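Note on naming: letters A, B, ... go to the chains in the order of the sequence lines (proteins, then strands), and numbering restarts at 1 for each one. All figures in this text were calculated on a predicted structure; none of them were measured in a lab.
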Amino acid sequence: MSGAQPIVTSAADGAATGSVVELIDAVALIGSFPALAGASLRVERGEILLLRGPNGAGKTSLLRLCAGLLPLERGSASVCGVDLATDRELVRAHVGIIGHTNGLYHDLTVAENVGFWGRLSGATSAEVHEAMQRMGLDGRLSGVRVSKLSAGQRRRTALAGLVARRAELWLLDEPHAGLDADGRDELDRVLRAAAAAGATIIVASHELERAGGLATRQVEIVAGQVRGDLR
Amino acid sequence: MSGAQPIVTSAADGAATGSVVELIDAVALIGSFPALAGASLRVERGEILLLRGPNGAGKTSLLRLCAGLLPLERGSASVCGVDLATDRELVRAHVGIIGHTNGLYHDLTVAENVGFWGRLSGATSAEVHEAMQRMGLDGRLSGVRVSKLSAGQRRRTALAGLVARRAELWLLDEPHAGLDADGRDELDRVLRAAAAAGATIIVASHELERAGGLATRQVEIVAGQVRGDLR
Amino acid sequence: MRSGTLAVARAIARRDLLVEWRSRVVTNQVIPFAVLVMVMFAFALDSDAVLERVAPGLVWLATIFSVLFLTARSFAVETADGALDAMRSAGVNPVAIFLGKSVAVAVQLLVLDVALVVAAVVLYRADVSLGGGVLLVTTILVATTGLASVATLYGGLAAGTKGRETLLPLLLLPVVAPVLIGATRATESAFGTNGIAVSEGWPWLGLLAVFAVLFSVVGAVAFGPLVDE
Amino acid sequence: MRSGTLAVARAIARRDLLVEWRSRVVTNQVIPFAVLVMVMFAFALDSDAVLERVAPGLVWLATIFSVLFLTARSFAVETADGALDAMRSAGVNPVAIFLGKSVAVAVQLLVLDVALVVAAVVLYRADVSLGGGVLLVTTILVATTGLASVATLYGGLAAGTKGRETLLPLLLLPVVAPVLIGATRATESAFGTNGIAVSEGWPWLGLLAVFAVLFSVVGAVAFGPLVDE
Amino acid sequence: MTASTATTGRPDRVTGTPFTRALGIVTLVGVLWLSWFGLFVTPADVNQGESVRIMYAHVPGAWLAYLAFVVTGISSAAYLWRRTRSLTWDRIAGASAEIGVLFMGISLVTGSLWGRLTWGTFWTWDARLTTTAFLFVTYVGYLAVRNLGGSHHQRARRSAVLALLAVLEIPLVHFSVELWNSLHQEASVAGNTDVTMDGLMLFTLFLGVIVFTLMYVWLLLHRQRALALQDLVDDTGLDLAIAARRAEVG
Ligand code: HEM
Ligand SMILES: Nc1ncnc2c1ncn2[C@@H]1O[C@H](COP(=O)(O)OP(=O)(O)OP(=O)(O)O)[C@@H](O)[C@H]1O
Ligand SMILES: Nc1ncnc2c1ncn2[C@@H]1O[C@H](COP(=O)(O)OP(=O)(O)OP(=O)(O)O)[C@@H](O)[C@H]1O
Ligand SMILES: [Mg+2]
Ligand SMILES: [Mg+2]
């Protein structure tokens, strides 16, 4: 909790190239407020990184920056080989993000929602069905409109849409929140399998035991800066 | 996870009167779906009850029923001495509920939101200020508009509004979700203090360790019924 | 409920106006919209003779379209994050919610109407005498009260549950027809359109007053049952 | 992006229409609203001679007000739960979003316009000959395309961030003025209002066609940069 | 040392240079000359009498507004064109639009005064007048979009796209007289009708155009530099905000 200098964290041998995420002194604004105030971070392929830190520290902002949803104001940032300073839009083909909101169409059914996200990214209907199955949505629920679902069922639907996308970099903002015990276990299995298959995963979470057990590495964000490599 | 009969759970000596919440075979509908399908539950003054159960089991529905927001279809239910079958609106003067949404006005500042909820229930401005302080909102944040806040900061604001209300019965739907470690500790302190002062608290949560440590008793809800008294 | 109904109603009205003051939706969106509506009318109808004749009707048509926006906005603020639920579960008297919200809507409508009348005078070259001015101001005050009450009542119904929202314009527009006619006729006399005398306008105010009183009372009584599912 | 732009655009248009089919907001809310607007006009203007003369203008005015509702609804569906963000972050080509959403808006507008023209014919007793019918159908198709494109473009800008929404009517209404004029004039010839011949209407279609082509192309190109903050 | 400050340029304390000062003096002389010619030297019109003198401000005002909006469009295009993506273009676009709104406002006001004298009314729902009003509103909207906040490049990108759309309305205004039977003057100078204006009046009109052009250039140079300074102030503010955010760690 002391020392104002941001620390560049690196996963393996510190090779400058090949990292999936590389932020150096990144500054990002919400309005005119520096939600990220010089964040530096490096994440390698196959890692499951836990972002921890107090409320308002900038976790969500960091994820949105990496997803190309928040513009980079200063510093440098590259994600999946795309330079965020110049080609922010291009990065989006590589990432999948799930934020505090679920991004669902409430008048459509579970199957229609997951199917829509799958179709956008060219997933086959078998893949879509498998994603729903993994999230426990293949039974009665698949035909129910999202507006009728409970909070946890909505979260499962959003996660299924993400799973169907099979992104290179998964950005998850409190993915466990609202899931029941079975849902949490299943989610962890899915994430571990994805990472083993070569995806990179960044999870922002306050459930330190649960997410800490899942992660291969942790860093802390405080006041818009990445503070420590806790591996 | 077996046995379809609902079990009437009682906290102390099983006295039929004086319970803060008493549901017997309560049925409540969302549209035409029986979200509660014969739930029976008794909660005594000063208890902190944890409601657990899988996604879609009916936890939120049970809380909304107790808050007078969901009509009772069948069975009997009384909360704080009010019969929900006949005087549903009257119960609202006694309860405070925080659901999956925060109930905030996004164009107003933190202080204005908390102040508004406080004013509605006749809290003094000192009480309002104390509630904000307890939730860590008394500094810079008090003048920031809710639309600018992070997810956890919004949750804190909603909780502060609830704390300022000083209800007899607190109904909390996943109150820890989104809060950081400090926030969780502070919330637990606040809830314990409220219970000690005579309030009754029902918490629905999937964070079993955290909420289990807080609760004085747990029950499980499955498929719209209260399944077991796990004390 | 620990505070009196009127105090709570005042707190709600203040809060609604504060939200508007912060977000400036009415000032920056509804008023320009209404004025643009008038401009578009002028453009589409495209004949000075017709325009002068219909100016009073257009003022009130634009008011009624705007009232739909205003009401939708007033309840969108409540439902965006579940605040209406929170307010209901906090045991707030529905009468207080109704009064508070309709006062806030009325205040905003008043500002809007002043802008519209000024626009009509400028754009359509309406003339107003002193007696006409008094009639005009009274008409605006009374019609606004009635519109705000009925709009709040049905707005609350529409906000209550999903699906019912499809009903708002459908329910509201037929009901406000008397206001449209009464206020238009009164304004025509105030503007002296077609040589109608100012004195001919006052009887219409009776209609508007009956409407305003009726819906203020009915609204206060019916709001609770209508909003609660 | 792993699917072609057109396939994605089709998926988006289908999804938007499915949402409408499920929620019936246009069928149950916007169309009755627009028809009621026409009825209210009839009330407010209250003179058959004037009404017949202005019927074509009113059809298109009602269309333009409705397009504001439709666009707001089309993007409310996207922003209610952060789906627009999700779509952007899924690497969907903005061109596909623009095309998909404007096709969906155009289809809904088309239905609406048919209802409005029927209402005009019935309420205001407009006459349509065979030649006039062909002109009318072409006008509706072309004008609808143009309106849907420009509305989707500015609707996207308005949906981008809070506060910007105050700009939608302000930005949209001046831009659609040519459509209002062109479509009104063409419809006047189709209805034979004031004895205008059908042949006089066709040149106006040129204006409408230029507008439609222009904003379809410009919209496809500009949507990405405008929507992205 | 950042993307935005690098293109913001050196902080000068004044926005003037010897050239702009000279230009300012020339413009001032031009204004005096124009007023003298417009008000005293030129004859009154056969039909319109003395009121025709309004033309020497009305017409140049409208034309220079067109020019300003076209410049806004061109510099917006220059900004969007990848290799030249520089905030200087954006600031030129913004400054030019501001001046354009000003000139369009002059034209609207003088036009309605003139209308009162010749048509007997300040305003009428004529095609030229209405389209002019819409053009004016559109650029007011453009300026509002510029002030929405966010980073400089966000502002630049949004407003550049909007400017390219808005500039398309100019032909509509110009040709509105021919598209609709308008009360307003046909294009009598730049159009295909024969020019039948008195020679001195025509000269004064051209003088007006030249003087308004000088005024435009002079205002543009200053305003553009003022905007650059404003951006610099914003950047400094951001430095402070970042420092404050970092100091939260405590
Ligand atoms: C509010 C009222 C008016 C507005 C908004 C207005 C607007 C304009 C505009 C935008 C132009 C530039 C046209 C172009 O070249 O594309 C223009 C030109 C002109 N206006 Fe007006 N005007 C108004 C009233 C008048 C009146 C009352 C007169 C005289 C009776 C007048 C006479 C002219 C003339 C002679 C030109 C130059 C025509 C040409 O060569 O194109 N205007 N006006
Ligand atoms: N206009 C503004 N004025 C002041 N502060 C602002 C403004 N806009 C954003 N912020 C702050 O920016 C920060 C955004 O943080 P972010 O949402 O990334 O936090 P987080 O780490 O995800 O927090 P949480 O754990 O609560 O989700 C918050 O502290 C918020 O208060
Ligand atoms: N119209 C409907 N058709 C089918 N099912 C419905 C309908 N309306 C509601 N439901 C179901 O009612 C249940 C509501 O449960 P509730 O929200 O109370 O669950 P919960 O225990 O709070 O779950 P969570 O842990 O996910 O928050 C869900 O299972 C939902 O799918
Ligand atoms: Mg967050
Ligand atoms: Mg729940």
Which bit of Leu179(A) comes within less than 4.5 Å of chain B, counting heavy atoms only: side chain, backbone, both or neither? both

Under the side chain to side chain contact (heavy atoms under 4.5 Å, CB included) rule, collect the residues that match up with Glu112(B), sequence neighbours excluded. Leu108(B), Thr109(B), Leu18(C), Arg22(C)

Under 4.5 Å to a heavy atom of chain A? For Arg156(B) that would be side chain

Spell out the residues in residues 201-211 of chain A that have some non-hydrogen atom less than 4.5 Å away from a non-hydrogen atom of chain B, in order of number; otherwise answer 'none'. His206(A), Glu207(A), Glu209(A)

Distance-minimising heavy-atom pair for Ser150(A) and Asn55(B): OG-C, 4.1 Å

Salt bridge (charged side-chain N to carboxylate O under 4.0 Å, His left out) with Arg189(B): which residues, sequence neighbours excluded? Glu186(B)

Sort Glu174(B) into side chain, backbone, both or neither according to what part of it lies under 4.5 angstrom from a heavy atom of chain A. side chain

Considering residues at least two apart in sequence or located in another chain, which fulfil the side-chain hydrogen bond (donor to acceptor under 3.5 Å, both in side chains) criterion with His129(A)? none

Counting heavy-atom pairs under 4.5 Å to chain A, which of Gly183(B), Ala151(B), Ala177(B) comes out on top? Ala151(B)

